Amino acid sequence: MSKGLPKRSEDYSLWYNELVKRADLAENSPVRGCMVIKPYGYSIWEKMQAQLDKMFKETGHVNAYFPLFIPKSYLSKEATHVEGFAKECAVVTHYRLKNSEDGKGVIVDPEAKLEEELIVRPTSETVIWSTYKNWIQSYRDLPLLVNQWANVVRWEMRTRLFLRTTEFLWQEGHTAHSTKEEAIAETVQMMNIYAQFAEEHMALPVVRGVKSENERFAGAEDTYCIEAMMQDGKALQAGTSHFLGQNFAKAFDVKFATKEGGLEYVWGTSWGASTRLMGALIMAHSDDNGLVLPPKLAPIQVVIIPIYKTDEELSKISEKANEIMGKLRSKGVSVKFDNRDTHKPGWKFAEYELKGVPVRVAMGPRDLENNSVEIARRDTLTKETVNLGEIVIEEYISDLMDTIQEAIYSKALNFRKEMTTEVNSWEEFEKLIEEKGGFLSAHWDGTNETEEKIKELTKATIRCIPLERREESGSCILTGNPSIGRVYFARAY
């Protein structure tokens, strides 16, 4: 199955694209820049979605749904916002087709032009804040904590499956608050939820920080983010949470009556994570043999493969396999018994290795005689034979999956540490960004001009100003001007 998969060291981009396709995660669609998420890939997204949704609801958020189409005039109301998204918007101008006169197809009916063009949502702040004007009248209506699961469209010229597509799936939270302090606390809380999800479920260590002004979300006063490191030394933004201030409230005239009888604009936030997380999951953990999935997000956590020659042997193995499956499922473990007679065991081993199934259990006639099974780990590619009389199989495998989850995280964390370098000269910066990559911790003078110049010279951007950075005086890596602390630079997806 994995023969011919390109090696990461030879062509990382080709390795990624081939792995996404061959592991049955996604494929390109007939529409340029869009993708078809296949059932196996979508089942991983469903597990991500379910866990995030649970975490959102535990913090008081509720789900709603808002229109796909946004009147063009709405995007004109918040100047910075429209400027940030204008070049990525898909625009609907007509509402009807008709048969062409030559009878060879359909054409746009010129008589069906819309009075006002509609934008296919690139993000929903404008349509949601126009709705909030009707929902919010008094301090009693606040806070308003709403999330939606949806698709958005941002017209991309260069696309890559999961990482950057014209249409993608995501969730976007939009909240309204009576005070600035409460809105900022919400913004930080959601960044921390994303970080908790990434680290505890994706086994993906992240840096928590604030974006520079250049990298900030269009229309926000502050953008908090989590940044992850991929195996090729590039960073990936894994989630963002935006403090909107009163920008959208003022743009859409959303006010509330205070307890004291006054009238004030509400304070807003928005936050989102997308199917880009699928790309992060693949690139952070997988190897030249295929996917490596953390057990908490694996659609199939355990696969049982029978090794047999006769139907009688298969029958006996199946009886034992069904017994083990029942025990595992009682512990909430997702398990599959692959008794297909159309493929040999070796082919199945390679298939599940490619698809990143965390634990493989193999059983043959001799194993039945010895009351044993062979258990293989996907993350380390190691295997062992265990005696079923000496262990409680469901406890053993459950503990093993915890071990695998922790091992995958530790490996990624150690890699990130190795790929984080403190630099103190421009010469060192240029050399490392080209030869090693990763996060470069360097002083910056705080100006947009310097940030843009560094990007122009090296293609590296400020990924974040780390929340845990220590205040220290220094000199900007490029200009030599005074700096109050280090920021993380990296080339990024």
Side-chain angles (χ1 to χ4, degrees), residues 6 11-46 48-49 65-70 72 74-75 81-95 97 105-108 114 117-127 148-172 215 217-218 228 230 232 234-240 270 272-284 286 291 455 459 461 491-493:
D11 193 329
Y12 192 82
S13 179
L14 183 61
W15 164 82
Y16 173 82
N17 289 332
E18 283 297 305
L19 180 53
V20 169
K21 294 174 183 176
R22 294 179 60 177
D24 276 339
L25 300 179
E27 61 186 33
N28 293 309
S29 81
V31 180
R32 183 189 175 280
C34 295
M35 63 178 169
V36 175
I37 304 177
K38 300 179 78 172
Y40 191 65
Y42 197 80
S43 61
I44 298 173
W45 173 244
E46 282 182 313
M48 290 181 167
Q49 185 182 35
Y65 186 81
F66 297 86
L68 173 67
F69 300 115
I70 300 171
K72 186 180 72 175
Y74 282 24
L75 268 74
H81 188 68
V82 69
E83 183 181 351
F85 285 100
K87 294 180 180 179
E88 300 177 347
C89 288
V91 185
V92 179
T93 58
H94 292 73
Y95 61 85
L97 300 174
V106 293
I107 60 172
V108 174
L114 293 171
E117 293 94 336
L118 298 173
I119 310 303
V120 182
R121 65 172 166 234
T123 181
S124 297
E125 276 77 7
T126 56
V127 71
Q148 82 162 341
W149 293 94
N151 62 336
V152 292
V153 170
R154 297 179 185 175
W155 214 259
E156 297 282 358
M157 300 309 294
R158 296 179 180 177
T159 59
R160 184 177 297 182
L161 294 169
F162 290 120
L163 293 176
R164 193 172 292 277
T165 50
T166 298
E167 178 194 15
F168 55 90
L169 304 180
W170 77 347
Q171 57 73 213
E172 49 181 318
E215 297 291 322
F217 176 74
M230 303 296 100
D232 63 345
K234 286 185 179 180
L236 186 138
Q237 178 180 285
T240 51
S270 65
S274 74
T275 37
R276 166 175 276 225
L277 291 177
M278 292 284 293
L281 192 71
I282 297 160
M283 291 196 298
S286 301
L291 294 176
K455 181 179 179 180
K459 297 181 181 177
T461 56
R491 290 177 178 169
Y493 285 97

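Please read all numbers here as calculations on a predicted model, not as lab measurements.
- Side chain of E18 to main chain of P6: no donor-acceptor pair is present (N/O by atom type, distance under 3.5 Å, no hydrogens or angles).
- The closest side-chain heavy-atom distance from M278 to I44 is below 4.5 Å.
- At least one side-chain heavy atom of R154 sits under 4.5 Å from a side-chain heavy atom of F168.
- Surrounding CD of E46 are more than 12 heavy atoms belonging to other residues, nucleotides or ligands, all under 6.0 Å away.
- A donor-acceptor contact shorter than 3.5 Å is absent between the side chain of E88 and the backbone of P122.
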F217 and E125: side chain to side chain contact (heavy atoms under 4.5 Å, CB included), yes or no, with the steps? CA-CA 12 Å; F217 176 74; E125 276 77 7; 3.5 Å; yes
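- Nearest heavy atom pair, residue H81 against residue A218, reads ND1-O, 3.1 Å.
- Without hydrogens or angle criteria, Q171 side chain to A273 main chain gives a donor-acceptor distance under 3.5 Å.
- Of all heavy-atom pairs between Y40 and A23, the closest is CD2-O, 3.5 Å.
- For Y74, the OH atom sits in a loose shell: 12 or fewer heavy atoms of surrounding residues, nucleotides or ligands are nearer than 6.0 Å.
- Few gaps surround NZ on K38; more than 12 heavy atoms of other groups in view lie less than 6.0 Å from it.
- Residue W155 places its CH2 atom among 12 or fewer non-hydrogen atoms of other residues, nucleotides or ligands, all under 6.0 Å distant.
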Report the C-alpha separation of L163 and M283 in whole Å, then their side-chain angles, then the decisive distance to 0.1 Å, and conclude whether the side chain to side chain contact (heavy atoms under 4.5 Å, CB included) test is met. CA-CA 10 Å; L163 293 176; M283 291 196 298; 3.7 Å; yes
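- No side-chain donor-acceptor contact under 3.5 Å links R121 to the backbone of F69.
- Aromatic ring pairs are classed by plane angle as parallel below 30°, tilted from 30° to 60° and perpendicular above 60°; the pair Y12 and W15 is tilted.
- In this structure, the side chains of F85 and T126 stay at 4.5 Å or more apart for every pair of heavy atoms.
- Remark: of the listed residues V127, V153, V152, V120, V120 is the sole one forming a side chain to side chain contact (heavy atoms under 4.5 Å, CB included) with L68.
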Check step by step if side chain to side chain contact (heavy atoms under 4.5 Å, CB included) holds for I282 and L19. CA-CA 9 Å; I282 297 160; L19 180 53; 3.9 Å; yes
Could you walk me through whether Y16 and D232 satisfy the side chain to side chain contact (heavy atoms under 4.5 Å, CB included) test, starting with their C-alpha distance in whole Å, then the side-chain angles of each, then the deciding distance to 0.1 Å, before giving a yes or no? CA-CA 11 Å; Y16 173 82; D232 63 345; over 6 Å; no
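- At distances below 3.5 Å, not a single donor-acceptor pair connects side-chain atoms of R160 with backbone N or O atoms of Y493.
- Of all non-hydrogen atoms in W149 and W45, the two that sit nearest each other are CZ3-CZ2, 3.9 Å.
- Residues T461 and E215 bring no donor and acceptor atom of their side chains to less than 3.5 Å of each other.
- Residue A26 comes nearest to M35 through the heavy atom pair CB-SD, 4.4 Å, listed as atom of the first residue, atom of the second, then distance.
- R32 places a side-chain N or O within donor-acceptor distance of the main-chain N or O of M157, the cut-off being under 3.5 Å.
- When each of T165, L161, T159, N17 is checked for a side chain to side chain contact (heavy atoms under 4.5 Å, CB included) with N28, only L161 meets the rule.
- Nearest approach of R164 to R158, heavy atoms of both residues: CD-O, 3.6 Å.
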